[in-house]
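See below for the structure under consideration.
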Amino acid sequence: MPVQLEDPKEYQKVFHWAETQKDGSIPSFATRKNDPYEYQSGFNNSFASEAVPGTIPQGQNSPRCVRFGLYAEQMTASAFVAPRHLNKKAWLYRARPAVAHQGFTELPDNKDTESNFLPLNPRVHVSPTQLAWLPFDIPTDGEIDFISGLKTIAGSGDPTLREGLAVHMFLANKSMEHRAAVNSDGDFLIVPQQGSLDIQTEFGMLFVQPGEICVIQRGQRFKVTLPDGPTRGYILEIWGSNFELPELGPLGANGLANARDFLHPVAKYEIERAPWEIIYKLGGKFFKSTQTHSPFDVVAWHGNYVPYKYDLTKFVNVGSISVDHIDPSIFCVLTAKSRDPTAPLADFLIFSPRWDVASHTYRPPYYHRNAASELMGLIYGEYAGRSDEFQPGGVSFECGFVPHGVAYEEFKAASAEPPPEMRISKDAIAFMMESSRPFTITDWAWNSNKKHEHEPKMWDNLVDNFSSHRDEVEKILVEGVKKLEISNGH
């Protein structure tokens with residue numbers, strides 16, 4: 001269920017602060033009360049976790065004999081010689097290494113997923129039109145799990161080029177059973193909109209509810225079960241980069257998404273002799289391998305390349321308290337760098353409950369055009385600034401330099417009265433997946449009966465107020481000419 005925190009006192013009702021741990025320390029994080037798992041707190045830390053105490057080797061990573069006969073396996077996500085602060089790796093100590101499988105089989109192409117967004121691809125479409133989609137239906141016919149229910153909306157680039165991104169929906173009605181997935185192309189930022197996701201990873205468990213997000217990184221195996229039944233949500237997939245916290249600049253040390261609120265799993269192993277299927281996504285294609293043991297047999301691990309989750313209701317909003325509105329970069333939760341140091345590959349921004357108190361301005365965002373591609377979704381609640389058809393589970397898209405702005409009636413009403421102290425996005429969370437790269441739209445989204453265009457007639461009655469001041473303007477211009485002549489000695 002959505003978490004709504006209008007009163008700070010609500011935190012103690014909604015969140016559970018972990019009990020004092022066995023060593024006497026008090027964790028500095030809180031989870032929702034219905035979250036069944038324990039976590040480790042922080043962002044980009046080097047973590048360590050043992051399901052059986054004393055498992056992790058001390059003083060070295062790969063001894064000749066690991067305790068309990070386990071295998072040491074390193075997962076390396078960056079070049080070995082990457083700078084220390086960018087080096088991504090994890091050591092896993094497991095019952096059987098991932099190499100113990102029975103080979104790969106190429107699966108038929110999923111016509112609803114796409115990875116090549118170059119305009120030369122006949123399955124994608126370029127359009128300057130402001131597009132939107134009503135909420136997509138969760139399938140009721142057949143059994144569709146998380147990985148089978150991936151539907152691509154838009155993207156840019158290609159995973160084999162190691163820079164680009166894709167935006168998907170997931171529409172599923174069935175838990176993954178003896179089936180795991182691994183994305184060899186890039187990182188998944190997963191945003192559930194309807195129904196919770198109980199995610200098993202090699203590092204442990206993540207329970208992700210609407211209003212939370214999680215990131216499963218490239219090469220990490222995972223399995224999704226559906227404790228609430230059918231589910232729908234969004235995925236931002238990035239290639240050639242990892243998500244980071246945005247720099248805070250003059251904000252200082254705190255604000256926006258604080259590192260302490262990112263939660264990572266603790267080790268939990270599963271020893272099972274049974275047929276398993278592992279689905280690999282590589283170069284946008286899908287492959288299958290089989291094995292006779294659980295892929296989640298990791299007894300202990302340590303490293304900084306670990307999946308994580310974040311509760312969006314903990315985002316610390318900042319804003320103007322004088323005049324005007326600050327650029328929407330203040331709503332950035334996570335960012336991923338591109339090869340251009342001035343423009344990110346992807347930003348994930350949210351619009352959640354906050355106060356607006358700026359003076360001598362108006363609340364609707366100013367009319368603007370910018371270089372970014374913007375794809376929005378709504379997790380729950382109502383979001384002002386979009387049409388009534390922008391509903392939870394829906395999508396809104398605008399490509400770079402397409403003009404934005406509200407209808408004249410909203411502009412006039414907001415301009416006529418002094419701005420009140422007002423609550424924005426009350427009981428709602430919307431998000432934006434933004435990129436410096438141009439998006440193309442997939443066949444699946446382009447041909448969907450859920451697609452509709454932003455009605456351009458909404459701006460037809462934007463009044464030319466300037467012309468009604470013609471006499472006043474002419475008078476000012478004439479007086480200006482006279483002053484110029486006098487100053488020139490005429």
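These numbers were taken from a predicted model, which means no experiment stands behind them.
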Check against side-chain contact (heavy atoms from CB on, under 4.5 Å), L462 and Y367: CA-CA 12 Å; L462 281 170; Y367 295 100; 3.5 Å; yes
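- F47 and F203 have their aromatic ring centers separated by at least 6.0 angstrom.
- Shown are L150, V395, I235; of these, the side-chain contact (heavy atoms from CB on, under 4.5 Å) with M169 is made only by V395.
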I144 and L171: CA distance, side-chain angles, deciding distance, side-chain contact (heavy atoms from CB on, under 4.5 Å) verdict: CA-CA 8 Å; I144 307 296; L171 306 166; over 6 Å; no
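- Other residues, nucleotides and ligands contribute only 12 or fewer heavy atoms inside 6.0 Å of the NZ atom of K285.
- Of the possible polar contacts, one joining the Q220 side chain to the Y305 backbone as a donor-acceptor pair under 3.5 Å is found.
- Residues N87 and A79 come closest through the heavy atom pair ND2-O, 3.6 Å.
- Listed for the S373 side chain is no donor-acceptor partner under 3.5 Å among the backbone atoms of C399.
- If you check the side chains of S148 and D145, you find a donor sitting under 3.5 Å from an acceptor.
- For E143, the CD atom is loosely surrounded, since the number of other residues' heavy atoms within 6.0 Å does not exceed 12.
- The minimum heavy-atom distance linking P192 with E212 is given by the pair CD-O, 3.3 Å.
- Between the side chain of Q193 and the backbone N or O of I379 there is at least one donor-acceptor pair closer than 3.5 Å.
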Stepwise salt bridge (Lys or Arg N to Asp or Glu O under 4.0 Å) test for R218 and D185: CA-CA 6 Å; R218 183 185 180 201; D185 289 332; over 6 Å; no
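- Side-chain N or O atoms of T160 include none that pairs as donor or acceptor with a backbone N or O of G283 at under 3.5 Å.
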Trace of the side-chain contact (heavy atoms from CB on, under 4.5 Å) decision for S329 with D347: CA-CA 9 Å; S329 49; D347 285 334; over 6 Å; no
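- Interatomic distance, CZ of F351 versus CD1 of I429, reported as 12.0 Å (0.5 Å rounding).
- Counting heavy-atom neighbours within 6.0 Å of N461 CG, excluding the residue itself, gives a total above 12.
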V316/L256 under side-chain contact (heavy atoms from CB on, under 4.5 Å): CA gap, chis, key distance, verdict: CA-CA 4 Å; V316 181; L256 307 187; 5.8 Å; no
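- Between the side chain of T442 and the backbone N or O of A445, at least one donor-acceptor pair lies under 3.5 Å.
- Side-chain contact of S338 with D340: a donor-acceptor pair under 3.5 Å is absent, judged by distance alone.
- Side-chain atoms of Q40 and N45 include no donor-acceptor pair closer than 3.5 Å.
- Annotation: cation-pi geometry satisfied between K451 and W446 (NZ/CZ under 6.0 angstrom from ring centroid, within 45° of ring axis).
- Note: F43 and F262 have perpendicular aromatic rings, judged against thresholds of 30 and 60 degrees for the angle between ring planes.
- A salt bridge is absent between R123 and D443: the closest approach of a Lys/Arg side-chain nitrogen to an acidic carboxylate oxygen does not fall below 4.0 angstrom.
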Working for ring-ring contact (aromatic ring centres under 6.0 Å, His included), residues F348 and F243: CA-CA 9 Å; F348 179 78; F243 288 107; 8.0 Å; no
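- For K450, the NZ atom counts as densely surrounded, since its 6.0 Å shell holds more than 12 non-hydrogen atoms of other residues, nucleotides or ligands.
- By the 30° and 60° cut-offs, the orientation of the rings of F222 relative to F146 is perpendicular.
- In this structure, I321 places its CD1 atom where only 12 or fewer heavy-atom neighbours from other residues, nucleotides or ligands lie under 6.0 Å away.
- Taking a 6.0 Å sphere around CG of D464, one finds it holds more than 12 heavy atoms contributed by other residues, nucleotides or ligands.
- The two residues G377 and F390 have their closest heavy-atom pair at C-CZ, 3.7 Å.
- Heavy atoms only, all atoms of each residue included: Y310 and K314 are closest at OH-C, 3.5 Å.
- Heavy atoms from other residues, nucleotides or ligands lying under 6.0 Å from CZ of R369 number 12 at most.
- A donor and an acceptor atom, one from each side chain of D198 and Y37, are located under 3.5 Å apart.
- Of the possible polar contacts, one joining the Y234 side chain to the G394 backbone as a donor-acceptor pair under 3.5 Å is found.
- Expressed to the nearest 0.5 Å, how far CG of N465 lies from CZ of F411 amounts to 7.0 Å.
- Sparse packing is recorded around CD of E421, with 12 or fewer heavy atoms of other residues, nucleotides or ligands lying under 6.0 Å away.
- For the residue pair D311 and G211, the shortest heavy atom distance occurs at OD1-O, 3.5 Å.
- One distance of note links SG of C332 with CD of E244; it measures 10.5 Å at 0.5 Å rounding.
- Rounding to the nearest 0.5 Å gives a distance of 11.0 Å between CE of M376 and CE of M433.
- The two residues P246 and V333 come nearest to each other via the heavy atoms CD-O, 3.4 Å.
- Taking CD1 from I326 and OG from S320, the interatomic distance works out to 5.5 Å, rounded to the nearest 0.5 Å.
- Judged purely by atom type and a 3.5 angstrom limit, E163 uses its side chain to pair as donor or acceptor with the backbone of R339.
- For the atom pair I441 CD1 and H125 NE2, the distance stands at 9.0 Å (nearest 0.5 Å).
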